[in-house]
Chemist: 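For reference, the structure I am asking about is given below.
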Amino acid sequence: MMETHCKEYDFQQIEPKWQTFWTENNTFRAEQDTSLPKYYALDMFPYPSGAGLHLGHCENYAITDIMARFKRAQGYNVLYPIGWDAFGLPTENYAVKTGRHPVDITKENILTYTRQLRQIGLSNDYSREVNTTDPEYFRWTQWIWLQLFQQGLAYVEDKPVWWCPALGTVLANEEIIDGKSEVGSHPVERRPLRQWVLRITAYADRLLDGLKNLDWPDSTKRMQAAWIGRSEGSEVEFDIDGFTDERLKIFTTRVDTIYGATYMVIAPEHNLAEQLTIASQKTDVERYTRLAASKSDLERTELAKDKTGVFTGSYAINPASGGKIPIWVADYVLASYGTGAIMAVPAHDERDYEFAQKYNLPCTQVIAPVDGSSAKLPYCEKVGEVVLINSEAYSGMTPKVATGKLDQQFSEAGRGKSTIQFKLRDWLFSRQRYWGEPFPIVWVSAENYNRSVAIHTLKVPADPVTAMFDGVLRYALPIPESSLPLRLPEVQSYNPTGTGESPLAKMPDWLEIWYEPSTGAAVAAIEAKPGDQWIRARRETNTMPQWAGSCWYYLRYVDPKNRESLASADMLEYWGTPDIYVGGAEHAVLHLLYARFWHKVLFDLGVVPTDEPFRKLFHQGIILGEDGEKMSKSRGNVANPDEIIKSYGADSLRLYLMFLGPLDAMKPWNPKGIEGVHRFLQKVWRECVDQEGKPNPKIDPDTQDSGEFLKLLHETIKKVGDDLSNLRYNTAVSQMMIFANGLQKTQTVSRNSVLAFLQILAPFAPHICEELWARLGQKTPLAKTIWPTYDAKRLEAKEAKLVFQVNGKFRGDQLLPIEISQDIAIEHAMENNKVAAQVAGKTIKRVIFIPGKILNLVVS
RNA sequence: GCCCGGGUGGUGGAAUGGUAGACACUGGGGACUUAAAAUCCCCUGUUCGUAAGGACGUGUGGGUUCGAGUCCCGCCCCGGGCACCA
């Protein structure tokens, strides 16, 4: 016997019982049989923090688990894996604080998470568990990184980056919110450091185009599109008065307004800034550029809406009009976008207008409404018909035509072209911390680099990656793939050095080495040189950011134990990519963009057969506190899943989370509400078993259910199936409640009807359904059974309520055969007192009759 | 400022252009009970009316339609994202 023997609905006994049963029987292990139709359901894997699971996790995983159980019942071979995104700052910070090893902390946290996830009844296949901090996993993270490196998609740059003194590390643009660190809201500052950068911009166009075919929430697609920020425009080179060998190149989306360009602006970091500054302006410009360089992000964007700038003293020649226009330095122009220089057209750009007003720069209108009406400056309208004015030969043309002609003119003159710019920047891909993947390269001399590459036929980028160390140029030499993984050394202290280097920099024996390029073998440099082949090398002290491991974990699940490759071609072909990917909208840009980038690189290398990782994406809504505010400890409005499970059981928790409202909507948690779904499960329990825990005598294998009851059953089967497929779980739960209310009113019911109901309820409330299934004498576990089918004939009704309306207003209804004619319907309607009263003394002008639904009499 | 999403009872929410408020929560009344809990039944948008019945009602003002929560236009409010990207 599989079932428990409790008489009441004792979920504390039932739930662990079935969790154990499923685990012991490997009920949810994905089959190896690739002839079966497959379904791959994936959650965004958790970061195993010390805090444990919260309700948001529960919602997220319940959605996917229910889908996985539903698809299994539909006959799919389902892959529903779980793993751990375990590198990262919180664990390292905790290690710093406690002096414990991050590996031990991680292990402990994973145990907690595993226990909690099992407790909510998830049907994960634990035989495929992955952990980003496992060397057998991150060897492939490093392997993928090596492919990027070899493709020339990874490079090193010594550039000002966001340095956070409190965290002791550099942060990416994306990790800065309002001029503060996303983690902990610490202040950040600019600091030049040697960084690894990934050339994601090389894929900008494809990352944008690829969005079109994805079944993602529109808002998320729009966010990514905005982040990539494709912009069509023109590059134009302006001559500089008094210079013969330098021109000032600008990017504009409105080359048609070039006759209105009355001044130029270059970014403070522009490489011509110094050259263009005349002696008398030198002090002012230098002071300004120095100030701009030291400004934090906050000061430069948030607080400095008030535009500032300094005149360089130089002039550019407008290539269209031939006019001499001043060149200014101002930090409202960003060095990192376009060419770091603009032509300013104050009449048709709000920013330029504001600046021109402040510094009394001229303003020439060159665009006007075609109807000759006057326009208020700055005139930036994108709607309505406009033409060029004050633009010599181009006056009278539309902007579109003028843009084409000007592009052509400048192109022929060798000073311009139409071009495309992206907002997307290359991806800062190194952290000065311990708890991340080490980079699989060593720094060597030019001579050793060239020799190693020649002798050992290492795959290296076309242009070597180099960096200066203590005034000496070093080359980045990849370590052989056969020597992966490159593990983290044991360190005494996890504290950041505070110098911009990771704790790894304090490990001289690991850092400075004798190195064998063909095997990757290394010994400390203080030892004797082991042999002729060995060269002097220095390891990379940066580690990879947390995004690295999460960029490809969905690929590892299809073949998690593979030692020859990140996953076999067969498994990648069969399982492909997730059929549904569920996770929070907060990852709309970063994780989802990075993963798409890596996936496309792997596709280009022939490693994966598809060019997009996540065809279908769904974001669960945030669960708010009882007070409608975001749950937080300080507010004291946090609902704890462990406590809820203790009081009501996992089935009630799952069911209630799904019943709260649309899955993607933000919803407040109502502690009273869960009692409703709990009562529903109690009701189901009592309908199935009597007070002794034996099958309820009303369930009779031989009874014939009424047509009405069967209609309800089949409607329910249909609606629950449809709603599951369309991720409308809340209305599926409602329908099952309606069914249970109907079931309660029956005197007797056939066992088959009850069993079918348990099957459709099972994805939502798997434990109680397995238990009742077994108690009703079923020997096969419910989780292994096939979804019931509904009979469309059962859904048809011969009679339906016909609604009577007069002038579109409800005046009554009547149960009538669907087939009746309009005339008969009117006769019935007129027998209704209310209808008759409304029609009395008036003439029927028009009749709208929809059989079985509505009869609307239009009277005057 | 720009781009999205959303405003429906006391609450969460439901409604292929066709009876607005399904299903729940809360509240009220009743049954069972010595009593309570649990369970079951009834009521629960506003308003006028003793009642029968009527009027009003999906943020707001218009429009389309026989008929609008749903479609179109304007406005208000809330939530999210982006924010000097030329």
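Labels below follow one simple rule: chain letters A, B, ... track the order of the sequence lines, proteins then strands, and each chain is numbered from 1. Reckoned from all heavy atoms, side chains included, excluding hydrogens, waters and symmetry mates.
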Chemist: Nearest to the side chain of A:Val803, heavy atoms from C-beta on, is which of B:C66, B:U19, B:A86?
Modeler: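 Nearest to the side chain of A:Val803 among the choices is B:U19.
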Chemist: Which word best sums up how the rings of A:Phe680 and A:Phe757 line up, parallel for under 30°, tilted for 30 to 60°, or perpendicular for over 60°?
Modeler: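 A:Phe680 vs A:Phe757 ring planes: perpendicular.
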Chemist: So, does A:Arg679 get its side chain near the phosphate of B:C25, meaning an N or O under 4.0 Å from OP1 or OP2?
Modeler: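 So the side-chain polar atoms of A:Arg679 do come within 4.0 Å of the phosphate oxygens OP1 or OP2 of B:C25, strictly under.
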Chemist: Provide, to the nearest angstrom, the distance between the CG atom belonging to A:Asp256 and the P atom belonging to B:A86.
Modeler: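 The distance from CG of A:Asp256 to P of B:A86 comes to 14 Å, rounded to the nearest Å.
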Chemist: In whole Å, measure the gap between the P atoms of B:C41 and B:U60 for me.
Modeler: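 About 36 Å, rounded to a whole number of Å.
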Chemist: For B:G63 versus B:U70, give the span between their P atoms, rounded off to a whole number of Å.
Modeler: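 B:G63 and B:U70 have their P atoms separated by 14 Å.
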Chemist: Can you confirm whether A:Lys221 sits close enough to A:Asp218 that some side-chain heavy atom of one is under 4.5 Å from a side-chain heavy atom of the other?
Modeler: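 Yes, close enough: below the 4.5 Å cut-off.
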Chemist: Given atom CE of A:Met666 and atom P of B:G7, what is their separation to the nearest angstrom?
Modeler: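 About 14 Å, once rounded to whole Å.
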Chemist: Could you measure between the two P atoms, the one in B:C77 and the one in B:A14, and give it in whole Å?
Modeler: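 Their P atoms lie roughly 26 Å apart.
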Chemist: Under 4.0 Å between any heavy atoms, over every strand shown, what does A:Gln744 touch: base, sugar-phosphate, or nothing? Just pick one.
Modeler: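 It contacts sugar-phosphate atoms only.
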Chemist: Check the phosphate of B:A86 against A:Tyr337, side-chain N and O only, distance under 4.0 Å to OP1 or OP2. Yes or no?
Modeler: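 Looking at the OP1 and OP2 atoms of B:A86, one of them is under 4.0 Å from a side-chain N or O of A:Tyr337.
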Chemist: Rounding to an integer number of Å, can you tell me how far A:Phe810 CZ sits from B:A20 P?
Modeler: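 Computing the A:Phe810:CZ to B:A20:P distance gives 7 Å.
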Chemist: Choosing from B:U16, B:C84, B:A15, which nucleotide comes nearest the side chain of A:Thr731?
Modeler: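 Nearest to the side-chain atoms of A:Thr731, counting from C-beta on, is B:A15.
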Chemist: In whole Å, I'd like the distance from the CD1 atom of A:Ile342 to the P atom of B:A86.
Modeler: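 From A:Ile342 CD1 to B:A86 P: 11 Å.
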Chemist: For B:C56, give its Watson-Crick or G-U wobble partner with both distances under 3.5 Å, or none.
Modeler: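 Paired with B:G45.
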Chemist: Within this structure, what is the CD1-to-C1' distance between A:Ile622 and B:G5, rounded to whole angstrom?
Modeler: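 Going from A:Ile622 (CD1) to B:G5 (C1'), I get 13 Å.
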Chemist: Per the atom types in the model, does the base of B:U19 pair as donor or acceptor with the side chain of A:Lys801 at under 3.5 Å?
Modeler: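 Per atom types, the contact qualifies.
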Chemist: Measure the shortest side-chain to side-chain distance between A:Asn696 and A:Arg686 over non-hydrogen atoms and say whether it is less than 4.5 angstrom.
Modeler: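 Not in contact.
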Chemist: Ring centroids only, cut at 6.0 angstrom: are A:Phe11 and A:Tyr9 within range, meaning strictly under it?
Modeler: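 Centroid separation for A:Phe11 and A:Tyr9: below 6.0 Å.
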Chemist: Output the single nucleotide from B:U19, B:C66, B:G79 whose closest atom is nearest the side chain of A:Ile848.
Modeler: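 Among B:U19, B:C66, B:G79, the one nearest the side chain of A:Ile848 is B:C66.
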Chemist: Mind checking whether A:Phe355 and A:Tyr332 have parallel, tilted or perpendicular rings, split at 30° and 60°?
Modeler: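 A:Phe355 vs A:Tyr332 ring planes: tilted.
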Chemist: What interatomic distance, in whole Å, is found between P of B:A55 and the corresponding atom of B:A68?
Modeler: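 Looking at atom P only, B:A68 and B:A55 are 15 Å apart.
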Chemist: Could you tell me how far apart A:Phe238 (CZ) and B:A86 (C1') are, to the nearest whole angstrom?
Modeler: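 Roughly 12 Å, once rounded to whole Å.
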Chemist: Can you tell me if CD on A:Glu350 sees more than 12 non-hydrogen neighbours from other groups inside 6.0 Å?
Modeler: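 No, because the 6.0 Å sphere around CD of A:Glu350 holds 12 heavy atoms or fewer from other groups.
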Chemist: From CZ of A:Phe764 over to C1' of B:C23, roughly how many Å is that when rounded to an integer?
Modeler: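 To the nearest whole Å, that distance equals 14 Å.
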Chemist: Confirm from the modelled atom types if A:Gln805 and B:G18 form a donor-acceptor pair under 3.5 Å, side chain to base only.
Modeler: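 Pair found.
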Chemist: Nearest to the side chain of A:Thr252, heavy atoms from C-beta on, is which of B:A86, B:C40, B:U19?
Modeler: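 Among the listed nucleotides, the one closest to the side chain of A:Thr252 is B:A86.
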Chemist: Could you say whether A:Gly808 or A:Asn730 is positioned toward the 5' end of RNA chain B, judged by the nucleotide with the nearest heavy atom to each?
Modeler: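 Closest to the 5' end, via its nearest nucleotide, is A:Asn730.
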Chemist: Taking the P atom of each, how far is B:G9 from B:A22, in whole Å?
Modeler: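 Rounded to whole Å, the distance is 13 Å.
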Chemist: From the list B:A86, B:U16, B:C23, which nucleotide is the closest neighbour of the side chain of A:Lys853?
Modeler: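 Shortest atom-to-atom distance from the side chain points to B:U16.
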Chemist: How far does the C1' atom of B:U65 sit from the matching atom of B:C71, given to the nearest Å?
Modeler: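 Between the two C1' atoms, the distance is 10 Å.
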Chemist: Taking only N and O in the side chain of A:Asn741, is any of them less than 4.0 Å away from OP1 or OP2 of B:A24?
Modeler: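 Yes, A:Asn741 has a side-chain N/O under 4.0 Å of OP1/OP2 on B:A24.
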Chemist: Regarding A:Lys672, tell me which of base, sugar-phosphate or nothing describes its non-hydrogen contacts under 4.0 Å with the strands shown.
Modeler: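 Sugar-phosphate contact only.
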Chemist: For a 4.5 angstrom cut-off between non-hydrogen side-chain atoms, does A:Met44 reach A:His587?
Modeler: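 A:Met44 reaches A:His587 side chain to side chain.
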Chemist: Please measure how far the P atom in B:U8 lies from the corresponding atom in B:G79, and state the result in whole Å.
Modeler: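 Here B:U8 and B:G79 have their P atoms 14 Å from each other.
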Chemist: Take a 6.0 Å sphere around CD of A:Glu799 and say whether it holds more than 12 heavy atoms from other residues, nucleotides or ligands.
Modeler: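 Yes, enclosed.
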Chemist: Given B:C3, is OP1 or OP2 found less than 4.0 Å from the side-chain N or O atoms of A:Arg222?
Modeler: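 No, outside the criterion.
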Chemist: How about NZ on A:Lys845, more than 12 heavy atoms from neighbouring residues, nucleotides or ligands closer than 6.0 Å, or not?
Modeler: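 No, NZ of A:Lys845 has 12 or fewer neighbouring heavy atoms, counting only those of other groups under 6.0 Å.
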Chemist: Compute the ring centroids of A:Tyr203 and A:Phe422, then answer whether they are less than 6.0 Å apart.
Modeler: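 No.
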Chemist: OP1 or OP2 of B:A86 sitting under 4.0 Å from any side-chain N/O of A:Ser231?
Modeler: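 Answer is yes, contact under 4.0 Å.
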Chemist: Between A:Ile854 and A:Glu350, name the one whose nearest nucleotide on RNA chain B is closer to the 5' end.
Modeler: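 Closer to the 5' end of RNA chain B: A:Glu350.
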Chemist: Can you find an N or O donor on one side and an acceptor on the other, under 3.5 Å apart, linking the side chain of A:Lys307 with the base of B:C84?
Modeler: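 Donor-acceptor pair under 3.5 Å: yes.
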Chemist: For nucleotides B:U26 and B:A38, find the distance between their P atoms and express it as a whole number of Å.
Modeler: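 So the two P atoms sit 10 Å from each other.
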Chemist: How is A:Met343 classified with respect to the nucleic acid when contacts are heavy atoms under 4.0 Å: base, sugar-phosphate, or nothing?
Modeler: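 No contact.
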Chemist: Establish, with yes or no, whether the OP1 or OP2 oxygen of B:C56 is under 4.0 angstrom from a side-chain nitrogen or oxygen of A:Lys809.
Modeler: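 Result: yes.
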Chemist: For B:C23, what is the paired nucleotide under Watson-Crick or G-U wobble rules, both distances under 3.5 Å?
Modeler: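 Checking every strand shown, B:C23 finds its partner in B:G12, with both distances under 3.5 Å.
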Chemist: Both distances under 3.5 Å, Watson-Crick or G-U wobble: report the partner of B:G79, or none.
Modeler: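 Paired with B:C4.
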Chemist: Let me know the distance between OH of A:Tyr729 and P of B:A22, rounded to the nearest Å.
Modeler: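 Going from OH in A:Tyr729 over to P in B:A22 covers 25 Å.
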Chemist: Under a 4.0 Å heavy-atom cut-off, which of residues 651-664 of chain A touch RNA chain B?
Modeler: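 Heavy-atom contacts with RNA chain B come from A:Phe659, A:Leu660, A:Pro662.
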Chemist: Side chain of A:Asp331 only, heavy atoms from C-beta on: which candidate in B:C40, B:C84, B:G12 is closest?
Modeler: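 Nearest to the side chain of A:Asp331 among the choices is B:C84.
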Chemist: Looking at A:Glu586, I'd like to know if its CD atom is crowded, meaning that more than 12 non-hydrogen atoms belonging to other residues, nucleotides or ligands lie closer than 6.0 Å.
Modeler: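 Counting neighbours around CD of A:Glu586, more than 12 heavy atoms of other residues, nucleotides or ligands fall under 6.0 Å, so yes.
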Chemist: Check whether any side-chain N or O of A:Asn856 sits under 4.0 Å from OP1 or OP2 of B:G18, and answer yes or no.
Modeler: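 Negative; the distance criterion is not met.
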Chemist: Does the side chain of A:Met666 reach to within under 4.5 Å of the side chain of A:Leu624, using non-hydrogen atoms?
Modeler: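 In short, these two side chains touch, coming nearer than 4.5 Å.
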Chemist: Ignoring backbone atoms, establish whether A:Gln735 has a side-chain N or O less than 4.0 Å from OP1 or OP2 of B:A22.
Modeler: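 For B:A22, OP1/OP2 do not have a side-chain N/O of A:Gln735 under 4.0 Å.
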Chemist: Could you tell me the Watson-Crick or G-U partner of B:A35, where both distances fall under 3.5 Å? Say none if there is no partner.
Modeler: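 Partner of B:A35: none found under 3.5 Å.
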Chemist: Syn or anti for B:G17, with syn set at within 90° of 0?
Modeler: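 Glycosidic conformation of B:G17: anti.
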Chemist: Given B:C41, is OP1 or OP2 found less than 4.0 Å from the side-chain N or O atoms of A:Lys745?
Modeler: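 Result: yes.
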Chemist: Reckon A:Ile738 touches a base, only the sugar-phosphate, or nothing at all at heavy-atom distances under 4.0 Å?
Modeler: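 Since only primed, P, OP1 and OP2 atoms lie under 4.0 Å of A:Ile738, the category is sugar-phosphate.
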Chemist: Among B:A86, B:G13, B:C4, which nucleotide sits nearest the side chain of A:Lys667?
Modeler: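 Nearest to the side-chain atoms of A:Lys667, counting from C-beta on, is B:G13.
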